[in-house]
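Report on one structure; see the data block that follows.
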Amino acid sequence: MLDIKLIRENPDKVKAGMKAKEVDCDAIVDRILELDKQRRELLGQTEALKAEQNKVSKQIPALKKAGQDTSAIFKEMGEIKEKIAGLDGQLREVVAEYQDCMYSLPNMPDDDLVPGGKENNEPLRYFGEPKTFDFEPKNHVDLCTGLGLIDYERGVKLGGNGFWIYKGLGAQLEWALLNYFIETHLADGYEMIMPPYMLEYQCGLTAGQFPKFADEVYKIANPTDDRIHYMLPTAEAALASVYRDEILTEADLPKKFFSYTPCFRREAGSYRADERGMVRGHQFNKVEMFQYTLPEKSDEAFEELVTKAENLVRGLGFHFRTVKLAAGDCSASMARTYDIEISIPSMNGYKEVSSVSNARDYQARRGNMRVRRADRSIQFMHTLNGSGLATSRVLPALVEQNQLPDGSIVVPEVLRKYLGGLEIIKK
RNA sequence: GGAGACGUAUCGAAGUGGCCAUAACGAGCUUGACUCGAAAUCAAGUUGUCGGGUAACCGGCACAUGGGUUCGAAUCCCAUCGUCUCCGCCA
């Protein structure tokens, strides 16, 4: 959520920011200004009436005690009450629409971002060397199936299209990756969080996924009551609500969290041919990093998270790059995002394995998460998140980049200790 | 699933229709006094939010949440959420 003061005082700047993100919000911004004006007018009127009501009703006990006739006052109070009820009703409607508009307005992009979409993304740096093969490399689906690491067909039998089974060494390799990520974050002083996997609506609203992406997540309804939960699409949805409606003290920050969770996404629509296998499933494993910081510290935290994600990928020995996203490719809630993209040979290009973002105070406003500063003033915190990492792109890259001519796979050095020292996965 | 109790500031807690909401009382925290220093003691300060105002300040709202009754609700009624206790059931 944006600061209403910014919208009020600088609507053109907000409109321009949204245009840089390639969303046209002119109508919403204008509507917000209108509703804000109505809201304040109605507030002024009701509050004046309420002040009158309070004043008069305070006099009633004294009048009664003195034995005076209060029926005229009662009549007058009745009229005030009706007026207040009418205005309150109007106010409620205005506020409801105002809030809907405020929640649906995306975050402002940072000033230094290039406007426009994906095509304007800017690779910042490359790591390692592109992998070349002196044989015809196989794709990860054939490699994993050939080695019995993943069972796509039986996965579909269990969960339908978009699910698979990690089997044997495949499951162990997946778990080894997660262990490697977790150990690294622990060593870096991040606190491990295991959140619920089913969340209430407010979590999605705070993180900024709702209302826009409410259709992209799984909705769990109960047979006997009407409470609804949502399967988390990313641990961010949980981590961003940990301090919802709380005021922390300056000394509490930063909070550095990470979580391993499965992530559940409907991914409605058909797969593209180049997204076979485990690149876009309904359930995937991800370790998510999250930070709550003081406003002036979030840039620093952002760099830390990017570096952490890069180090994880580097530790696996991959060729990859870090890309600064153009304004329009950043998600709605985020002021800036860097993607870490790994090369997956069969897909002729780079695929995102981590996305690190700074939401600044956008999520904090939605979730009312604040910090009391040393001078006792109160501010919204900043929130940041980043994958560290999602395995669904790492494992395909791993098997493809590390394949040998006979279809075996070299296990990256850092993972061997989790696999009993295994160096090569062979048939 | 059944029965009961409870939800007030940082914490404990008082308040059962107007005299109780910057909230009694107790504790904590901050500052000051005393002290060589600490403890103890004493004094002062310690909720958030919205609207108006350059400001000092003025006004509204908030006693879990949402409704209702009433001129007036922390207090009475209803619903929801949460916590606790006992019983039942159960991976």
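Throughout, a chain's letter reflects where its sequence line sits, starting with A, and its residues are numbered from 1.
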(message) Rounding to an integer number of Å, can you tell me how far Leu49(A) CG sits from rC61(B) P?
(response) 11 Å

(message) If you compare every side-chain N and O of Asn54(A) against the phosphate oxygens of rC61(B) (OP1, OP2), does one of them come in below 4.0 Å?
(response) yes

(request) Indicate whether any N or O donor in one side chain lies under 3.5 Å from an N or O acceptor in the other, for Thr206(A) and Gln363(A). (result) no

(request) Find the distance Gln53(A):CD to rU70(B):P and express it as a whole number of Å. (result) 13 Å

(request) May I have the distance from Glu52(A) (atom CD) to rG60(B) (atom P), rounded to whole angstrom? (result) 11 Å

(message) So, OP1 or OP2 of rU10(B): does either fall under 4.0 Å of a side-chain N or O from Arg372(A)?
(response) no

(message) I need the CD-P distance between Glu82(A) and rU70(B), as an integer number of Å.
(response) 12 Å

(message) Would you say Lys81(A) places a side-chain N or O within less than 4.0 Å of OP1 or OP2 belonging to rG72(B)?
(response) yes

(message) Pairing donors with acceptors under 3.5 angstrom, does anything connect the side chains of Asn107(A) and Ser333(A)?
(response) no

(request) Under 3.5 Å for both distances, Watson-Crick or G-U wobble, that's the pair rule; now give the dot-bracket for RNA chain B, with | marking pairs to another strand and [ ] for crossing ones. (result) ((((((((.[[[..)..(......]]]((((((.......))))))((((((....)))))).[[[[[..)....]]]]])))))))....

(request) Kindly write out the residues that satisfy side chain to side chain contact (heavy atoms under 4.5 Å, CB included) with Ile220(A), not counting sequence neighbours, or none if the list is empty. (result) Met198(A), His229(A), Met231(A)

(request) For nucleotides 49-56 of chain B, just jot down a letter per nucleotide in 5' to 3' order: B, S or -, based on protein non-hydrogen atoms under 4.0 Å. (result) SBSS----

(message) Ring-plane angle category for Tyr260(A) and Trp175(A), please: parallel below 30°, perpendicular beyond 60°, tilted otherwise.
(response) perpendicular

